[in-house]
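One structure follows; several queries about it will come next.
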Amino acid sequence: MSNPSRMGDYARYSGDYDGVVNQTDGSFAAKCDANNRWWFAPACRHNSSACIPVFTAGTGWKVQAMMQWSTAYGIPAAIAVSGGWSLFVKHVQTFRALHYWWVPDSTFIDMLPEQLIFARHSANEWLAGDKKTGGLGSYVSKMVSNNLRSKAGRVREFVSNMNFELPEIQNLLLEYKESGSALNVSCKWMQDNRARWSAWKPKLTSCYEGFGLVDASGAFVPNRTLAVGCGLCQAGTASEELIDDEGRTFQCKQCPPGYSQSNTYSTQCEPCPKGTSASSFGSTTCTPCDEGDYQPDTAQTSCISCGASRTTLLLGASSLADCVCQAGKIEQDSTCMDCNEESMHCPKGSTIAKLEAASGTTDLKGPYVKRGFFSNPEAPLDTYKCAAELYCPGGSPGVCFGDREGLTCGDCADGHYWASNKCEPCGAVPAAWAFSVTMVVVGVCGSYYMLTSSYTAKASVMMSTTAALGMLVALFQNLGVLNTVAVQWPDGLRDILNFASVFTFNLDALGFSCAAGGNVARYVSTASFFWVVFLALPTVGLLTNFIPILKRRKLAWEKNKTISTTGQFLQVGFTTMCNVGLMPFMCYRHPTGQSSILKYPNVFCRTDDHVIMRVFGALVILLAFTFFSAACYAAYQAPRWSGKPRLAAIRFLIFRFRPNVWYFGLVLLARGPLLSMPGVIATNMPSLQLTLMHMILLGSFCVQLWFLPWKSPILNLVDGLSVSLLVMLLAGSLGYADSSGEDAARVLSLFGTVISSLMVVILGGMVMLGLTALIYRSALGSSKELRIMNLGKVPQEKDVFQSLLDVATFLKEDGQGKEATFIKDLSNLSTYDIGTITRAIHILADDLNMVVSQNGSMRKSSSRRIATGTRTFRTQGLEGTCGHQKLKPNGRYANSRGE
């Protein structure tokens, strides 16, 4: 009774301000008696004994309305709020009084209470706070579980059809309270009202939403004719209303194509959203469009193909804009163009714009130019293979490393050269090259005075040293040729090969472009060098003979020695010369179908520049072929020239080798062009190049093992080791051409570096040994010579001579009459032993001026060799000489006929 808003409304509409108390805050509260229990209506406020008790409970249910009713209708009421439900029930049952109650309810049903009726309820007045009209009354509703329709539809419909009047419910409640058995009361009512509740039962074929007509097998049917009941609509169907003569019902219809329903108890099928479709009736789900298809509309039965060369990044594409180029294609001007997989990475959705925005080669989701290739910014799909992967880091078009330029990043800008992995300004490099060229000219001319024209069968210190230097140069030339193979060498080995390439005139790292200019000028200069030296040396030799002071001091050049000096230069540079001559014919292919020269990648094949370079290359090849042909002729004639001055002209070819294999220089000469030829034959096939080079080196190695050509044993060992290591390096290089993964690459990298280093160490050690021998002159060719030079101790000459005397004494004194026994014993020797004895006898006959019988195998040498003495023979008691040429030990030339 202290609710301020309610009491304020009471006072305002009833005018009974005596029945309320004005609070200090301006609000009102009901004025109760002295004990604060009862509120008295105006009709009995002055005589409380005349008041009728009125009870309510809770928070004062309807207390304001009771106060207004009492005042408005003069009811002598004394209103009180019971302190709890149990007291409320007790008060009503104990006292003869009015009370608040609701129906239907059985609490006071046995008291047969009567309802006090007031004026019809006015909702507007109650809303305003004026509650003198009657209350709204009780609304009896039927409440069921919200999923009862799907769980027990017929039960729900039966409950929905039930209908009871309020007095009827009250009477049933009274019967229940009197009998105490709800079952008995219910059964009696059903027996008495069968017709009434039978009408409430639903028809078996009266289905409602979410259900549909079914036949005896449970299959859905379209009308009542075949139906026996209702069934829950399954996924892929929807409940559809059906009106017939018997009234309203529902049927379950399959979702049409373009629609689906994944739930049961559904009243409609959902249209397939964009990017999906349903092609059949009764679809439970819509299928997302496959890759390469899209669907921009809803409720569709199929998806639309993106067309040839296009696909989608994901399933369920809903727009034509979702159609992108397939992997291996790239979009240019709204057209999907082929993307060269060798040079570019083009995943799905690649576009020229994305390619131009590429940053590096790590984002596999976007397009980029692969490492080792260059893309022309003006035509991004035109890609070019770079000579070295380092020069072309890839990523976006137009990117070169270290400020390099050109479609293959093959050159530095004018006035710059490549050094320390970047283009550096030339600066003083041209002057340095001018000085270097001058020194080369002086060195080449001065080499004439450093060479000798004499030939000896025995190795000398100078011969061993120069031979070792020649091996070292040849090794670097071979490694330089190997560097021309288009393989991504590991760092350590690449540094060694780059250094070695200087010996094949790859001089760019030394700033040669600063002195010579562009690609064509550099090549023409390099190619012309061989012809210039070849023509200059004889010219200089000829001119020296017209200078009196040189002739007086015997410094004028001799004809044969001049030829030998020229041949020495051509022989040392033969591998380089062949490689340089063949360079314009080594064209490797670009992804565009064009080709570039391997050494000069910015020069494209079949262009005017290429024609010029081929002309000069052909001239170098002509020089190499002419020289090799002349060397072959000289080697063929060498035995005949023994003892003649002209032998000095070919000393460069024969002085390093044993007399019986004087021609081995041809093998070394032939190896140079043969190693360069795979670069011409298989420029675009590195594996084949390496295989052919491996076969060539292995073949020359076998020949070398068979002949052991070098005069000094240690030279045979060093040359054999260096060539065998080079063969192993080539075998390992095949792994670089087709790597089997990072682990294999690391192993091959270490293998290549170690092998290359060993070759340099071995040959460098031999050179150092030779230089040491130049200081210690007794190291070779004396009684105190070092064992390492001959790989062991060589017997003293006097000991050998004494052994020969012992053999002669034995044959003369003890061999008489035992020829048959000796012949039989000789037949038991191995082929190699017989051959060794025969060769030794022939060497004695040729080089020790032996007198031999004209009959038998000693009549002529069993093997051709360059001799240092004269073999003579007996003819019926007369001495004669063998009719072929020899070189006498004193170094003077003569033939066996004394000419």
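Small disclaimer: the values here were computed from a predicted structure and weren't measured.
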Exercise. Looking at Y294, is R310 sitting on its ring face, NZ or CZ under 6.0 Å from the six-membered ring centre and within 45 degrees of the normal?
Worked result: no
For residues 28-36, dump all side-chain donor-acceptor pairs below 3.5 Å to protein atoms at least two apart in sequence or in another chain.
unit_1: K31; atom_1: NZ; unit_2: D18; atom_2: O; d: 3.2
unit_1: D33; atom_1: OD1; unit_2: N35; atom_2: N; d: 3.3
unit_1: D33; atom_1: OD1; unit_2: N36; atom_2: N; d: 2.8
unit_1: D33; atom_1: OD1; unit_2: R37; atom_2: N; d: 2.8
unit_1: D33; atom_1: OD1; unit_2: W38; atom_2: N; d: 3.3

For R224 and T205, what are the C-alpha separation, side-chain angles and deciding distance, and is it a side chain to side chain donor-acceptor pair (under 3.5 Å)? CA-CA 6 Å; R224 296 181 194 263; T205 58; 2.8 Å; yes
Value for CD (Q332) from OG1 (T351), rounded to nearest 0.5 Å, stands at 10.5 Å
In this structure, CD1 of I79 is separated from OG of S70 (nearest 0.5 Å) by 4.0 Å
Closest non-hydrogen contact found for D110 with L174 is CA-CD1, 3.8 Å
Are F250 and L242 close enough, and set up right, to give a side chain to side chain contact (heavy atoms under 4.5 Å, CB included), and what steps lead you there? CA-CA 5 Å; F250 286 85; L242 177 64; over 6 Å; no
Side chain S262, main chain T285, donor-acceptor under 3.5 Å: no
Correct closest heavy-atom pair for S309 and C336 would be O-SG, 3.5 Å
Taking CD in E165 as the centre, count heavy atoms belonging to other residues, nucleotides or ligands within less than 6.0 Å. Is the count above 12?
no
Here the gap from L320 atom CG to Q295 atom CD, rounded to the nearest 0.5 Å, amounts to 11.5 Å
Review point. What do the steps show when you test L355 against V369 for side chain to side chain contact (heavy atoms under 4.5 Å, CB included), and what is the final call?
Key: CA-CA 8 Å; L355 177 65; V369 181; 4.1 Å; yes
Between the main-chain N or O of Q268 and the side-chain N or O of Q261, is there a donor-acceptor pair closer than 3.5 Å? yes
Item to complete: Kindly determine whether E356 and S396 satisfy side chain to side chain contact (heavy atoms under 4.5 Å, CB included), including the steps that lead there.
Response: CA-CA 5 Å; E356 292 173 342; S396 59; 5.7 Å; no
Quiz item: Do the side chains of H91 and S82 get nearer than 4.5 Å, heavy atoms only?
Solution: yes
Taking every heavy atom of P393 against every heavy atom of R371, the minimum-distance pair comes out as O-CG, 3.3 Å
**Asked** Between E342 and K370, does at least one N-O distance fall below 4.0 Å, as a salt bridge requires?
**Response** no
- Task: Determine, stepwise, if the pair Q68 / D130 fulfils side chain to side chain donor-acceptor pair (under 3.5 Å).
- Result: CA-CA 8 Å; Q68 280 197 249; D130 185 3; 3.0 Å; yes
Got a sec: does the NZ of K62 have more than 12 other heavy atoms crowding it under 6.0 Å? no
Sorted by chain and residue number, the ring-ring contact (aromatic ring centres under 6.0 Å, His included) partners of W197 (sequence neighbours excluded) come out as none
### Message
Salt bridge or not between R12 and D9? Use side-chain N to carboxylate O under 4.0 Å.
### Response
yes
* Give a yes or no on this: more than 12 heavy atoms of other residues, nucleotides or ligands lie within 6.0 Å of atom CD of E168. => yes
Residues E125, K131: salt bridge by 4.0 Å N-O rule:
no
Nearest heavy-atom contact between S350 and P367 is OG-CB, 3.6 Å
Here the pair of heavy atoms bringing A317 nearest to D293 is CB-O, 3.6 Å
R45 vs D16, salt bridge (Lys or Arg N to Asp or Glu O under 4.0 Å): CA-CA, chis, key distance, verdict:
CA-CA 11 Å; R45 185 171 295 159; D16 180 22; 2.6 Å; yes
Please assess C233 against C252 for the test disulfide (SG to SG under 2.5 Å), listing each intermediate value before the final yes or no.
CA-CA 6 Å; C233 290; C252 293; 1.9 Å; yes
With ring centroids as reference points, do F118 and W126 lie under 6.0 angstrom apart?
-> no
Value for OG1 (T311) from CG (D290), rounded to nearest 0.5 Å, stands at 9.5 Å
| task | Step through the shown structure and confirm whether more than 12 heavy atoms of other residues, nucleotides or ligands are within 6.0 Å of OH on Y176. | result | no
query = Between S122 and N124, is a side chain to side chain donor-acceptor pair (under 3.5 Å) present by the stated rule, with each step listed?
reply = CA-CA 6 Å; S122 173; N124 290 333; 5.5 Å; no
Output, in order, the C-alpha distance, side-chain angles, deciding distance and verdict of ring-ring contact (aromatic ring centres under 6.0 Å, His included) for W189 and F164. CA-CA 12 Å; W189 184 88; F164 287 95; 5.1 Å; yes
**Contact check, side chains of T237 and K253, non-hydrogen atoms, under 4.5 Å** = no
**Message:** Could you go through W102 and W61, starting from their C-alpha distance and side-chain angles, then the distance that decides it, and tell me whether this counts as ring-ring contact (aromatic ring centres under 6.0 Å, His included)?
**Reply:** CA-CA 11 Å; W102 56 88; W61 299 328; 5.7 Å; yes
More than 12 heavy atoms of other groups within 6.0 Å of K348 NZ | yes
Requested in this report: List the steps and the verdict of side chain to side chain donor-acceptor pair (under 3.5 Å) for S359 and Y368.
Outcome: CA-CA 8 Å; S359 176; Y368 58 79; over 6 Å; no
Self-check item: Pair W85-T107, side chain to side chain contact (heavy atoms under 4.5 Å, CB included): steps then yes or no
Solution: CA-CA 11 Å; W85 174 256; T107 305; 4.1 Å; yes
Distance flag, aromatic centroids of H99 and F108, threshold under 6.0 Å:
yes
CG (N340) and NE2 (H345) are apart, to the nearest 0.5 Å, by 14.0 Å
Between the SG atom in C207 and the CD atom in E157, the distance rounded to the nearest 0.5 Å is 9.0 Å
task = Please state whether the sulfur gamma atoms of C325 and C346 sit closer than 2.5 Å to each other.
result = no
| task | Would you please say whether a donor-acceptor pair under 3.5 Å links the side chains of S260 and S283? | result | no
